[in-house]
Amino acid sequence: MVKQEVIAIDGPAASGKSTVAKEVAQRIGAVYADSGALYRLVTWWLLAQGIDPEDHQAVRGALETLKIEAAVVEGRITYSTGDECPADALRTQRVNSAVSPVAANADVRHVVTAILQSLARFGMLVMEGRDIGTVVFPDAAFKFYLDASPEVRARRRFTDKDGNVDKAALEDVHKSLARRDVIDSSRKTAPLRIADDAAVIDTSDLDIEGVVKRILDTVASDIC
Ligand code: CDP
């Protein structure tokens, strides 16, 4: 079987996927694609249109008018709806809370999956997400699943944002990640799960360089 020129990196929120995927892509000269950013953009756009993400009829109607452009800018995929999207709009609490319910919608997944698959036209991809190795690119040449304990993930996400640890805030981040994990893993369409042929890397006790090295070693040993 011909494998697709894709390194799929899946895993739950704050498992280290983004940083690792960007670094791997840069080192091998591939294009980095963040699939979560596209779910976030669709979520932001629906909210900006005044659509209730839980109203499936309204979401379906709105999707028919949605046009997304993708391009490669400095080695990574950028997406645009044509509407002005403020730089940090995709990571607001509002989008954080709505994105997993939106991503559980089969109509949304259908549209987003087709866009993600079309990115193969840009050449070798390192794509991170939840269902890249299972659904988007089931024939990806390499599949990795990154994981870490919920406590480590909450601490990472919190530290990402602020740098110092406040117990109450940490608890909030922990709860919000846990809520997204439950929705992402239990949804009917393309739930977060480990592809049968994925290499699982527990990143709890590894730094970024350690994870990047594991991935690059696997890729190199397979190619040589
Ligand atoms: O950065 P973080 O890990 O917090 O999340 P993300 O990668 O930006 O993804 C945001 C949300 O999009 C996830 O919680 C999923 O609900 C959804 N998603 C998905 O369903 N499938 C993907 N391939 C990527 C993201």
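Read the numbers this way: they start at 1 and go in the same order the structure lists the ligands and their atoms. All residue numbers in this chain count up from 1 along the given sequence. The figures that follow rest on heavy atoms only: side chains count, while hydrogens, waters and symmetry mates do not.
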What closest approach, in Å, do A98 and P53 show between heavy atoms, and which atom pair accounts for it? CB-CG, 4.2 Å

Are side-chain N/O atoms of S15 and D147 paired as donor and acceptor at under 3.5 Å? no

Report all protein residues having a heavy-atom distance below 4.0 Å to some atom of ligand 1; order the list by chain, then number. A13, A14, K17, S35, G36, Y39, R40, R91, V99, S100, A103, R109, G129, R130, D131, I132, R157, R180, D184, R187

Does the side chain of R94 pick up a donor-acceptor pair with the side chain of S97 at under 3.5 Å? no

Could you tell me if E128 and S18 have a donor-acceptor pair between their side chains, going purely by distance under 3.5 Å? yes

Identify, with sequence neighbours excluded, every residue that meets side-chain hydrogen bond (donor to acceptor under 3.5 Å, both in side chains) alongside D181. R153

Shared hydrophobic cluster for V152 and I9 (ILVMFWY, side-chain gaps under 4.5 Å): no

